[in-house]
Amino acid sequence: MAIAFLSAKRSKDPNRQVGACLVSQNGIILGIGYNGFPRGCSDDQLPWAKMSKSGDPLETKYPYVCHAEVNAILNTNHASAAGQRLYVTMFPCNECAKIIIQNAVRCLRSHIFYRKKTEYSTAYVASHKLLSMAGVEVRKHQPQMDQILLKFMEL
């Protein structure tokens, strides 16, 4: 999970930084991802807004952002995601759940679970339903520590 959190720091999304890490059954990191725009699409030319002042959904980030879960699966080191574990900092939406299922991920560990009523609750209820139906083992991640300190200095 720490790698998922570290990966999330790479996201330029000012509202929500999400990270994901795909891990083999042996604990080998297969792929990491964070939420951001597709390769070759400038972070400065597309909107990061959650809501548009004019009401135009094309002036928000949602039609353009690739989610961390999808990026972790697409960024694998050519290993299959089948049977593997996916660690995510935030519970996946229904669109990501479909991709997780189609890639045969066996186990999902999420730091944040959405169960309360929000504007996005339909996506998360659908996600829970799909993952359950597909037999993906879903658990809330219980960290063994509350932080990891990384210090960068010259030796």
Going hydrophobic residue to hydrophobic residue with side-chain gaps under 4.5 angstrom, can you get from [X] over to [Y]?
{"X": "Tyr62", "Y": "Leu46", "value": "no"}
{"X": "Met1", "Y": "Val18", "value": "no"}
{"X": "Leu131", "Y": "Tyr87", "value": "no"}

Under 3.5 Å donor-acceptor, Asp43 side chain and Lys12 backbone: no
Backbone N/O of Pro92 and side chain of Ser127: donor-acceptor pair under 3.5 Å: yes
Heavy-atom pair with the smallest gap, counting every atom of Asn35 and Val65: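 Smallest interatomic distance, heavy atoms only, reads CB-CG1, 4.0 Å.
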Distance-minimising heavy-atom pair for Leu30 and Val23: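 Heavy-atom minimum between the residues: CD1-C, 4.1 Å.
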Distance (rounded to the nearest 0.5 Å) between [X] [atom1] and [Y] [atom2]:
{"X": "Thr60", "Y": "Asn15", "atom1": "OG1", "atom2": "CG", "result": "11.0 Å"}
{"X": "Gln84", "Y": "Ile73", "atom1": "CD", "atom2": "CD1", "result": "11.0 Å"}
{"X": "Leu108", "Y": "Ile100", "atom1": "CG", "atom2": "CD1", "result": "5.5 Å"}

Side chain to side chain contact (heavy atoms under 4.5 Å, CB included) with [X]: which residues, sequence neighbours excluded?
{"X": "Pro57", "result": "none"}
{"X": "Gln17", "result": "Ala8, Lys9, Ser11"}
{"X": "Ile3", "result": "Cys21, Ile29, Ile32"}
{"X": "Ala20", "result": "Ala68, Ala72, Leu86, Val88"}

pair Tyr64-Gln45: side-chain heavy atoms closer than 4.5 Å: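 Not in contact.
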pair Ile112-Thr89: side-chain heavy atoms closer than 4.5 Å: no
All pairs passing side-chain hydrogen bond (donor to acceptor under 3.5 Å, both in side chains) where residues 66-83 contributes a residue, at least two apart: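 Only Arg39-Asn75 qualify under side-chain hydrogen bond (donor to acceptor under 3.5 Å, both in side chains).
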Pairs where residues 91-106 contributes a residue and the test side-chain hydrogen bond (donor to acceptor under 3.5 Å, both in side chains) is met, not counting sequence neighbours: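 The answer is Glu95-Lys98.
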Residues in side-chain hydrogen bond (donor to acceptor under 3.5 Å, both in side chains) contact with Ser52, at least two apart in sequence or another chain: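 Scan of Ser52 (side-chain hydrogen bond (donor to acceptor under 3.5 Å, both in side chains), adjacent residues dropped) gives Ser54, Glu59.
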Pairs satisfying ring-ring contact (aromatic ring centres under 6.0 Å, His included), at least one member in residues 15-43, at least two apart: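 Qualifying pairs: Phe37-Trp48.
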Residues in ring pair (Phe, Tyr, Trp, His ring centres under 6.0 Å) contact with His111, at least two apart in sequence or another chain: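 If we apply the ring pair (Phe, Tyr, Trp, His ring centres under 6.0 Å) test to His111, skipping adjacent residues, the hits are Phe5.
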Results of salt bridge (Lys or Arg N to Asp or Glu O under 4.0 Å) for Arg85 - residues two or more places apart only: none
Apart from Met133 itself, residues in the same hydrophobic cluster as defined by side-chain heavy atoms under 4.5 Å: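 Traced through the cluster, Met133 reaches no other member.
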Pairs under 3.5 angstrom only: tabulate donor-acceptor contacts from the side chains of residues 141-148 to other protein residues two or more places apart or in another chain.
none

